[in-house]
Trainee: 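Mind having a look at this structure? Questions to follow.
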Number of protein chains: 2
Amino acid sequence: MMAKTKTDMREAVMTAARATVQSHGYNALSFRELAKEVGIKSASVHYHFPTKGDLGAALARRYTEEGAAYLAEILASSEDATWRMDRYTEIFRSALANDNRMCLCGIMSAELDDLPTEVRTEVDKFAAMNVGWLAKVLSRVRPSASDQDLQEHAMATFAAIEGAQLVARGCRDIGIYDRTIRAYRATGLFP
Amino acid sequence: MMAKTKTDMREAVMTAARATVQSHGYNALSFRELAKEVGIKSASVHYHFPTKGDLGAALARRYTEEGAAYLAEILASSEDATWRMDRYTEIFRSALANDNRMCLCGIMSAELDDLPTEVRTEVDKFAAMNVGWLAKVLSRVRPSASDQDLQEHAMATFAAIEGAQLVARGCRDIGIYDRTIRAYRATGLFP
DNA sequence: ACCTGAACACCGTTCAAGT
DNA sequence: ACCTGAACACCGTTCAAGT
């Protein structure tokens with residue numbers, strides 16, 4: 001039997017689309033441009049993703065899935081909270097290092113009012129997934145804290161890191177991200 | 001002599017455009033839509049603002065000017081750092097309270113790669129203006145800190161607050177903003 | 001000085017038609 | 001099952017023309 005050499009167009013479209021969104025946002029996604037990149041016509045892209053909202057939601061869903069898998073690995077690798085937070089902040093750093101890109105869901109949050117509801121739902125799930133993970137990490141450091149307090153602290157940590165990425169990106173200066181994360185830690189916002 | 005009753009179209013366009021950007025971002029700005037709102041044709045909008053970049057830059061420039069004026073008032077009104085930070089965080093809160101809007105320059109940062117250079121320049125100036133102000137406020141609380149440290153601390157504070165706004169907006173829940181700001185203060189990130 | 005209509009190359013989406 | 005061309009109503013921009 002032959003190996004499956006045939007390019008999976010659906011996958012090719014998603015890969016190209018994800019890069020565009022992380023660099024330019026959801027609004028900048030163009031079916032015609034995408035079609036050109038993968039070598040089909042724009043009407044054919046609609047065969048795989050009936051609307052732009054379907055494509056956006058699929059992107060966000062996969063982004064959350066992949067993120068959750070990686071975060072689970074981090075949890076399994078070490079119990080040290082500082083090490084875990086090092087890995088976590090590195091994720092957002094590497095997006096900036098990679099051509100000044102942003103967290104897919106962070107950039108989509110900014111475009112919120114333009115997003116179809118399917119996409120919004122997935123963006124919400126990404127934030128919830130991250131906050132849940134952070135609360136787990138923080139609970140090791142603050143074993144006596146209430147669930148409510150941990151949730152708030154985790155939300156604040158997530159927001160602070162997203163903000164550091166947003167501002168550093170705006171200034172096109174990854175050093176700003178590094179210094180901001182250091183300042184967060186110096187004040188004790190997270191381990 | 002008659003009062004100047006004639007509507008200043010340039011001003012009308014800017015007012016409508018600013019509301020659109022804070023709600024939907026720079027990409028969502030449409031000259032045709034804007035023209036409809038103020039009662040002229042889209043070609044006439046181009047008379048006042050030759051390109052969309054000119055309009056975006058004019059919006060950001062004025063936003064920074066108005067912000068700087070308000071922040072100067074806060075500085076003049078009281079020397080209390082906590083009171084000053086209360087007023088500062090309130091600014092970002094009121095954007096959310098006003099129809100889930102965002103900081104004009106925060107939302108533009110997310111769209112950075114789509115922005116013409118004139119607009120980017122103005123977005124940078126807004127961030128620098130805010131960080132400068134915050135450094136001044138923080139210097140009262142940390143009189144022995146170096147300029148370098150104050151600048152980093154101010155940048156971290158700015159990024160954290162922008163992030164709180166971004167995430168709360170993404171979740172369409174102003175309570176998240178309030179709780180996040182409270183958590184920042186609980187850890188001592190700012191007064 | 002300010003506004004307009006018409007044209008240009010773009011966009012997402014639909015649909016009947018091809019293989 | 002997957003792709004296409006043609007059409008639709010949108011977009012920013014340009015420009016010659018009006019007052």
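By convention in this document, chain letters (A, B, ...) are assigned in the order of the sequence lines, proteins followed by strands, and residues within each chain are numbered from 1. Fair warning: this is a prediction, and the values are worked out from it, not measured in the lab.
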Trainee: Could you measure the distance from the CZ atom of F190(B) to the OH atom of Y88(B)? Nearest 0.5 Å is fine.
Mentor: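 Answer rounded to 0.5 Å: 9.5 Å.
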Trainee: Indicate, with a heavy-atom threshold strictly under 4.0 Å, whether L29(A) touches base, sugar-phosphate, or nothing.
Mentor: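 Sugar-phosphate, backbone atoms only, no base.
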Trainee: Pull out every residue in residues 44-56 of chain B that has a heavy atom closer than 4.0 Å to any atom of DNA chain C, ordered by number, or say none.
Mentor: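 Those residues whose heavy atoms fall under 4.0 Å from DNA chain C, taken from residues 44-56 of chain B in numerical order, are S44(B), Y47(B), H48(B).
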Trainee: Here's one to test your reading of the geometry: is the NZ or CZ of K41(B) within 45 degrees of the ring axis of Y47(B) and under 6.0 Å from its centre?
Mentor: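 Checked: cation-pi criterion not met.
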Trainee: Rounded to the nearest 0.5 Å, what's the gap from CH2 on W133(A) to CG on L71(A)? Could you check?
Mentor: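 Taking CH2 in W133(A) and CG in L71(A), the distance rounds to 5.5 Å.
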Trainee: Working to the nearest 0.5 angstrom, can you tell me the gap between R169(B) CZ and R101(B) CZ?
Mentor: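 Rounded to the nearest 0.5 Å, the CZ-CZ separation comes to 9.5 Å.
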Trainee: Counting only side-chain heavy atoms from C-beta out, which of dT4(C), dT4(D), dT13(C) sits nearest to K41(A)?
Mentor: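 The nucleotide sitting nearest to the side chain is dT4(D).
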Trainee: Starting at atom CD1 of I40(B), determine the distance to atom P of dG5(C), rounded to an integer number of angstrom.
Mentor: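 So the two atoms are 12 Å apart, to the nearest Å.
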Trainee: Roughly, in whole Å, what's the span from CZ in F31(A) to P in dT4(D)?
Mentor: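 After rounding, the reported distance stands at 15 Å.
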Trainee: What verdict does the ring-ring contact (aromatic ring centres under 6.0 Å, His included) test give for F92(B) and Y177(B), after you've listed the backbone C-alpha separation in whole Å, the side-chain angles of each residue and the deciding distance to 0.1 Å?
Mentor: CA-CA 9 Å; F92(B) 291 80; Y177(B) 179 79; 7.5 Å; no
Trainee: Using a 4.0 Å cut-off on heavy atoms, which residues in residues 107-124 of chain A reach DNA chain C? List them by number, or say none.
Mentor: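 The stretch gives none, as no residue of it lies under 4.0 Å from the strand.
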Trainee: Kindly say if S30(A) contacts the phosphate of dC10(C), meaning a side-chain N or O under 4.0 Å from OP1 or OP2.
Mentor: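 For dC10(C), OP1/OP2 do not have a side-chain N/O of S30(A) under 4.0 Å.
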